[in-house]
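Notes to accompany the following structure.
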Amino acid sequence: MSAKHPIITITGSSGAGTTSVKRIFELIFRRENIEAAFIEGDAFHRYDRAAMKAKVAEEEKAGNPNFTHFNAAANELGILEEVFAEYGRRGTGKTRTYIHDEEEEKQHGTPPGTFTEWREFAPSDLLFYEGLHGCVVTDAINLAKHADLKIGVVPVINLEWIQKIHRDRSTRGYSTEAVMDVILRRMPDYVRYIVPQFSQTAINFQRVPIVDTSNPFIARWIPTPDESMLVIRFANPRGIDFPYLLSMIHDSFMSRPNSIVVPGNKLDLAMQLILTPLILQLVERKSRVS
């Protein structure tokens with residue numbers, strides 16, 4: 001953690017909705033004139049697309065059919081921790097971009113499934129990470145200790161699967177069976193590396209559908225925000241003005257002393273009300289120590 005060079009991490013698995021949450025942060029940054037350096041978790045994969053396929057095949061031959069990008073060994077988490085540590089000390093560091101599709105290829109001039117060259121951060125007020133491993137703690141690394149604000153985005157599991165199925169079919173051309181295979185292969189690493197991170201976060205945003213999602217593999221549509229509720233859990237509720245939030249967010253209520261439930265279509269409003277003061281506190285603290 002660093003008062004002079006704060007770090008914010010957004011953690012969630014593939015299909016959880018972290019990209020949508022990132023857009024809300026970008027809106028807050030623009031409105032408050034905050035310059036942020038951005039890291040996408042995919043940039044710290046250890047293998048490009050072709051090399052990952054070869055590595056998965058190698059692991060399967062060795063008796064491990066469940067090697068995925070969720071696994072710490074499939075990512076350069078040691079380098080990521082070095083970047084976090086360097087940013088906390090000096091406000092500098094590096095990242096790159098993993099190219100997912102042809103649209104990103106047009107922007108960066110690098111083929112899909114590969115990485116761009118490493119690049120240095122521009123001068124910034126804070127560092128923002130969004131990806132799979134922002135709060136990972138293992139015997140070898142501890143990314144959680146470097147972040148000043150840690151956010152988890154974790155829809156209930158069937159909704160997470162529905163979102164992933166629809167995204168991978170529409171944007172990546174996968175069949176439902178192919179996505180199902182990916183989900184099954186990821187489950188051990190999901191339990192081992194993704195789930196524990198949500199005990200490290202300061203705030204978790206969990207979307208819960210209020211329509212039938214019992215079989216996510218035949219769902220025709222992703223439940224809409226109007227068909228969802230949002231459970232917001234605070235690890236430390238001290239200092240959170242719950243009466244203010246309840247008055248500002250219509251139809252919200254508290255389910256536990258550290259949790260508030262809001263309508264799913266109020267995600268944007270709830271995040272801005274909750275996160276803007278926390279982000280401004282980091283920036284004000286930075287100004288004082290600078």
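All residue numbers refer to positions in the sequence shown, counting from 1.
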Report task. Rounded to the nearest 0.5 Å, what's the gap from CD1 on Ile194 to CG on Leu132? Could you check? Result -> 5.0 Å
Query raised in the report: Between Ser124 and Tyr87, do the side chains contain an N or O donor and an N or O acceptor separated by less than 3.5 Å?
Result: yes
Report task. Hey, could you give me the CG/OG1 distance between Leu77 and Thr138, rounded to the nearest 0.5 Å? Result -> 7.5 Å
Query raised in the report: Quick check: does any side chain N or O of Asp125 sit under 3.5 Å from a backbone N or O of Glu35, one acting as donor and the other as acceptor?
Result: yes
Query raised in the report: Can you tell if the side chain of Ile151 reaches within under 4.5 Å of the side chain of Thr9, non-hydrogen atoms only?
Result: no
Requested in this report: Check whether any side-chain N or O of His5 sits under 3.5 Å from a backbone N or O of Glu86 as a donor-acceptor pair, and report yes or no.
Outcome: no
**Report entry** Flag for Asp189-Thr68: side-chain donor and acceptor within less than 3.5 Å
**Finding:** yes
Query raised in the report: Quick one: are Tyr244 and Leu273 in side-chain contact, heavy atoms under 4.5 Å?
Result: yes
**Report entry** side-chain contact (heavy atoms from CB on, under 4.5 Å) assessment of Ile39 paired with Glu130
**Finding:** CA-CA 6 Å; Ile39 287 180; Glu130 175 256 323; over 6 Å; no
Query raised in the report: Can any side-chain N or O of Arg46 pair as donor or acceptor with the backbone N or O of Asn75 at less than 3.5 Å?
Result: yes
**Report entry** Phe198 backbone acceptor or donor facing Asn204 side chain under 3.5 Å
**Finding:** yes
Query raised in the report: Roughly how far, to the nearest 0.5 Å, is NZ of Lys145 from SG of Cys135?
Result: 14.0 Å
Requested in this report: Flag the pair Tyr193 / Phe70 as yes when their ring centroid distance falls below 6.0 Å, and as no otherwise.
Outcome: no
Query - Neighbour count above 12 (heavy atom, 6.0 Å) for Glu117 CD - result: no
Requested in this report: With the side chain counted from C-beta on, respond yes when Arg119 and Thr97 share a heavy-atom pair under 4.5 Å apart, and no when they do not.
Outcome: yes
Query raised in the report: Where the side chain of Gln197 meets the backbone of Val136, is there a donor-acceptor pair that is under 3.5 Å apart?
Result: yes
Query raised in the report: Is the side chain of Arg96 donor-acceptor paired with the backbone N or O of Ala43 at a distance under 3.5 Å, no angle test?
Result: yes
Requested in this report: Could you please spell out the steps behind the salt bridge (charged side-chain N to carboxylate O under 4.0 Å, His left out) verdict for Glu58 and Lys61?
Outcome: CA-CA 5 Å; Glu58 177 187 323; Lys61 287 182 179 179; over 6 Å; no
Query raised in the report: Of Thr201, Ile203, Ile260, which is the lone residue that meets side chain to side chain contact (heavy atoms under 4.5 Å, CB included) with Arg233?
Result: Thr201
Query raised in the report: For Phe38 and Phe25, what are the C-alpha separation, side-chain angles and deciding distance, and is it a ring pair (Phe, Tyr, Trp, His ring centres under 6.0 Å)?
Result: CA-CA 11 Å; Phe38 289 91; Phe25 271 88; 9.4 Å; no
Requested in this report: Check the pair Lys266 / Asp251 against salt bridge (charged side-chain N to carboxylate O under 4.0 Å, His left out), numbers first and verdict last.
Outcome: CA-CA 10 Å; Lys266 301 295 184 182; Asp251 289 334; over 6 Å; no
Query raised in the report: With ring centroids as reference points, do Tyr190 and Trp161 lie under 6.0 angstrom apart?
Result: no
Query - side-chain contact (heavy atoms from CB on, under 4.5 Å) assessment of Thr276 paired with Glu32 - result: CA-CA 9 Å; Thr276 300; Glu32 303 298 337; 3.9 Å; yes
Query raised in the report: Do you know which two heavy atoms are closest between Arg49 and Ile99, and how far apart they sit?
Result: NH2-O, 3.9 Å
Query raised in the report: Can you name the closest pair of heavy atoms from Gly88 and Ile7 and give their distance?
Result: N-CD1, 4.4 Å
**Report entry** CZ on Arg192 to CG on Asn71, rounded to 0.5 Å
**Finding:** 7.0 Å
Requested in this report: Sort and list the pairs that fulfil side chain to side chain donor-acceptor pair (under 3.5 Å) and have at least one residue in residues 209-218, not counting sequence neighbours.
Outcome: Asp212-Ser214
Query - pair Leu126-Phe29: side-chain heavy atoms closer than 4.5 Å - result: yes
Report task. Only counting residues at least two apart or in another chain, list the ones meeting ring pair (Phe, Tyr, Trp, His ring centres under 6.0 Å) with His69. Result -> His45
**Report entry** Derivation and outcome, side-chain contact (heavy atoms from CB on, under 4.5 Å), residues Thr95 and Phe44
**Finding:** CA-CA 8 Å; Thr95 189; Phe44 288 81; 3.7 Å; yes
Query raised in the report: Between atom NE2 of His100 and atom CD of Glu40, what is the distance when rounded to the nearest 0.5 Å?
Result: 6.5 Å
Query raised in the report: Can any side-chain N or O of Ser252 pair as donor or acceptor with the backbone N or O of Ile249 at less than 3.5 Å?
Result: yes
Query raised in the report: Any Lys/Arg nitrogen of Lys106 or Glu102 sitting under 4.0 Å from an Asp/Glu carboxylate oxygen of the other?
Result: no
Query raised in the report: Considering all heavy atoms of both residues, which atom of Gln200 and which atom of Ala144 are nearest to each other, and what is their separation?
Result: OE1-CB, 3.8 Å
Query - Ring centroid separation Phe242 to Phe234 under 6.0 Å - result: yes
Requested in this report: Could you tell me the separation between the CG atom of Leu275 and the CD1 atom of Ile10, rounded to the nearest 0.5 Å?
Outcome: 7.0 Å
Query raised in the report: Is the backbone of Lys4 close enough, under 3.5 Å, to the side chain of Lys286 for a donor and an acceptor to pair up by distance?
Result: yes
Query raised in the report: Do Asp181 and Ile183 touch side chain to side chain, with heavy atoms closer than 4.5 Å?
Result: no
Report task. Locate the shortest heavy-atom distance separating Met271 from Ile28; write the atom from each residue and the value. Result -> O-CD1, 4.5 Å
**Report entry** Side chain to side chain, Gln272 and Ile24, heavy atoms closer than 4.5 Å
**Finding:** yes
Report task. Answer whether the closest heavy-atom distance between the side chains of Glu104 and Thr110 falls below 4.5 Å. Result -> no
Requested in this report: For residues Trp221 and Ile162, determine if any side-chain heavy atom of one lies less than 4.5 Å from a side-chain heavy atom of the other.
Outcome: no
Report task. Would you check, one step at a time, whether the test side-chain contact (heavy atoms from CB on, under 4.5 Å) holds for Asp48 with Phe115? Result -> CA-CA 7 Å; Asp48 65 18; Phe115 300 98; 3.9 Å; yes
Query raised in the report: What closest approach, in Å, do Leu159 and Pro209 show between heavy atoms, and which atom pair accounts for it?
Result: CD2-CD, 3.8 Å
